[in-house]
Number of protein chains: 2
Amino acid sequence: MNIGEVSKKAGLPPKTIRYYEDIGLITPLRDPNGYRSFRDSDMHKLAFLGRSRALGFTIEDCRNLLALWDDQDRASADVRAIAKEHLAQIESKIADLAAIRDTLSHLVRECAGDGRPDCPILNKLEKFPT
Amino acid sequence: MNIGEVSKKAGLPPKTIRYYEDIGLITPLRDPNGYRSFRDSDMHKLAFLGRSRALGFTIEDCRNLLALWDDQDRASADVRAIAKEHLAQIESKIADLAAIRDTLSHLVRECAGDGRPDCPILNKLEKFPT
DNA sequence: CTTGACCTTCCATCTACTGGAAACTCTATC
DNA sequence: GATAGAGTTTCCAGTAGATGGAAGGTCAAG
């Protein structure tokens, strides 16, 4: 399989696939003409990576998950630990964003949004402690 | 005021302050020895930037907000538009993250997390459509 | 034989900083 | 006056995770 076909099947841009090879996540074969030749196993890895990335795992997490996936003797505890840690980070990010959202929506509601210069948003940014 | 003092007062690392000068957000004066010399107005801009960044505005948003802040004839509608757009992005990001959180917490709950290799998390990453 | 789609590598760019090296300045102390 | 230490300067490189584009090789169709 050439990169274009894999790209369609895995749902990842060719650029991204080449990048994943660069950083050693996959190692496709090469045809005599220099084209990358992807095995089914490469395809599966890429699909796995796509899903992991879609869940927000970092590349390094993906690398570890991929290694665990390959390892028939893995302990599910190891996988779970990565996911749990990631989940905690997601939750903390959500909390941060929710706080920002609350502040912002309050300010947006307060601002007249007309032609006059008075603006509670700028006032807040100007005066309040961080 | 030297950079160290401003750094403390504005709550931004010196590196960040130099960076903000680099990209033209502030233009402090220079003392004869080459040291940056920050006026009160620079300080206020930096504090403003710190707060805007803390609310997650991009640097370009900050640049625009700063310009509006400086403009006595601004229309609050312009400020509000920036904030509203940003709010929409925050909300969409929260929604994305919440979906991820739901998926992940479900998987983490399902996974035994013991020494055995069976793992619903890996199964999901392996099989399911993105 | 040419056209166009596909593939290759390499280098640059993006966001918003951050780290570190080498060198200069200032202040305090001896 | 020497020196130590803190503060400052510039410059270069690196982070995450790609993405864009240029210059060129390859392949299949007509």
Side-chain angles (χ1 to χ4, degrees), chain A residues 1-38 42 45-46 48-66 82 85-86 89-90 93 96-97 100 130, chain B residues 1-38 42 45-46 48-66 82 85-86 89-90 93 96-97 100 130:
Chain A
M1 254 186 301
N2 280 353
I3 201 168
E5 195 182 343
V6 173
S7 168
K8 261 174 227 150
K9 288 193 186 166
L12 293 172
K15 281 272 182 188
T16 300
I17 296 174
R18 294 193 192 100
Y19 173 66
Y20 286 171
E21 182 185 5
D22 268 2
I23 62 176
L25 288 177
I26 51 166
T27 44
L29 304 174
R30 294 289 175 144
D31 283 335
N33 59 9
Y35 286 18
R36 287 171 183 79
S37 176
F38 295 85
D42 296 317
K45 279 189 187 181
L46 286 169
F48 182 101
L49 287 167
R51 291 183 202 112
S52 308
R53 291 288 302 130
L55 286 178
F57 285 102
T58 65
I59 290 285
E60 284 320 300
D61 279 346
C62 290
R63 200 187 294 280
N64 293 324
L65 289 171
L66 212 45
I82 295 175
E85 168 66 23
H86 181 45
Q89 286 182 13
I90 300 274
K93 194 168 281 176
D96 291 350
L97 287 175
I100 290 176
T130 311
Chain B
M1 253 187 303
N2 280 353
I3 203 168
E5 196 182 343
V6 173
S7 168
K8 263 174 224 150
K9 287 193 187 166
L12 295 173
K15 281 271 182 187
T16 301
I17 295 174
R18 293 194 192 100
Y19 173 66
Y20 286 171
E21 182 185 6
D22 269 1
I23 62 176
L25 288 176
I26 52 166
T27 44
L29 305 174
R30 295 287 175 144
D31 284 335
N33 60 7
Y35 285 18
R36 288 170 183 79
S37 175
F38 295 86
D42 297 315
K45 279 189 186 180
L46 286 169
F48 182 102
L49 288 167
R51 291 182 202 112
S52 309
R53 291 288 302 129
L55 285 179
F57 285 102
T58 64
I59 289 286
E60 283 320 299
D61 279 346
C62 289
R63 200 187 294 279
N64 293 326
L65 289 171
L66 212 45
I82 295 175
E85 168 66 22
H86 180 45
Q89 286 183 13
I90 300 274
K93 193 169 284 178
D96 292 350
L97 288 175
I100 290 175
T130 310

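Computed from a predicted structure; not experimentally measured. Order of the sequence lines sets the chain letters (A, B, ...), proteins ahead of strands, with each chain counted from 1.
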Test side-chain contact (heavy atoms from CB on, under 4.5 Å) on B/Leu49 and B/Leu25; report intermediate values, then the result. CA-CA 9 Å; B/Leu49 288 167; B/Leu25 288 176; 4.0 Å; yes
Quick one: [X] [atom1] to [N] [atom2], roughly how many Å, whole number?
X: A/Ile17; N: C/dC6; atom1: CD1; atom2: C1'; value: 14 Å
X: A/Asp22; N: C/dC10; atom1: CG; atom2: C1'; value: 10 Å
X: A/Glu5; N: C/dC6; atom1: CD; atom2: P; value: 12 Å
X: B/Arg30; N: C/dT25; atom1: CZ; atom2: P; value: 14 Å
X: A/Phe38; N: C/dT8; atom1: CZ; atom2: C1'; value: 12 Å
X: B/Ile23; N: C/dC14; atom1: CD1; atom2: P; value: 12 Å
X: B/Leu25; N: C/dT15; atom1: CG; atom2: C1'; value: 13 Å
X: B/Ile3; N: C/dT18; atom1: CD1; atom2: P; value: 13 Å

Should [X] and [Y] count as side-chain neighbours, where that means a heavy-atom distance under 4.5 Å?
X: B/Asp61; Y: B/Ser52; value: no
X: B/Ile59; Y: B/Tyr20; value: yes
X: B/Leu55; Y: B/Arg51; value: no

Sidechain-backbone polar pair: A/Ser37 side chain, A/Arg30 backbone, donor-acceptor under 3.5 Å: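 Checking the backbone N and O of A/Arg30 against the side chain of A/Ser37, no donor-acceptor pair under 3.5 Å is found.
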Output yes when a side-chain donor or acceptor of B/Arg63 lies under 3.5 Å from a complementary backbone atom of B/Ile23, and no otherwise.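 Flag set: sc B/Arg63 to bb B/Ile23 pair under 3.5 Å.
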Quick check on DNA chain D: between B/Gly4 and B/Lys15, whose nearest nucleotide comes earlier from the 5' end?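 Closer to the 5' end of DNA chain D: B/Gly4.
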Closest approach of A/Thr58 and A/Arg53, non-hydrogen atoms and distance?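 Residues A/Thr58 and A/Arg53, closest heavy atoms: CA-NH1, 3.9 Å.
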For C/dC7 and A/Arg36 - does any side-chain N or O of the residue sit under 4.0 Å from the phosphate oxygens OP1/OP2?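 Looking at the OP1 and OP2 atoms of C/dC7, neither is under 4.0 Å from any side-chain N or O of A/Arg36.
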Could you grab the distance from atom CD of A/Glu85 to atom CZ of A/Phe57, nearest 0.5 Å is fine?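 A/Glu85 CD to A/Phe57 CZ: 10.5 Å, rounded to 0.5 Å.
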Start and end of chain B contact along DNA chain D [non-hydrogen atoms, under 4.0 Å]: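 Contacts span D/dG7 to D/dC11, reading 5' to 3'.
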Please determine, for the side chain of B/Asn33, which listed nucleotide (C/dC26, C/dC7, C/dG19) has the closest atom?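 Looking only at side-chain atoms, B/Asn33 lies closest to C/dC26.
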Sugar-phosphate, base or nothing in reach of B/Pro13, heavy atoms under 4.0 Å: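 It contacts sugar-phosphate atoms only.
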Reference residue A/Ile17; test side chain to side chain contact (heavy atoms under 4.5 Å, CB included); the match among A/Asp42, A/Leu12, A/Asp22: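 Among A/Asp42, A/Leu12, A/Asp22, the one that satisfies the side chain to side chain contact (heavy atoms under 4.5 Å, CB included) with A/Ile17 is A/Leu12.
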Near DNA chain D, which residues from residues 56-64 of chain A have a heavy atom under 4.0 Å away?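 Those residues are A/Thr58, A/Ile59.
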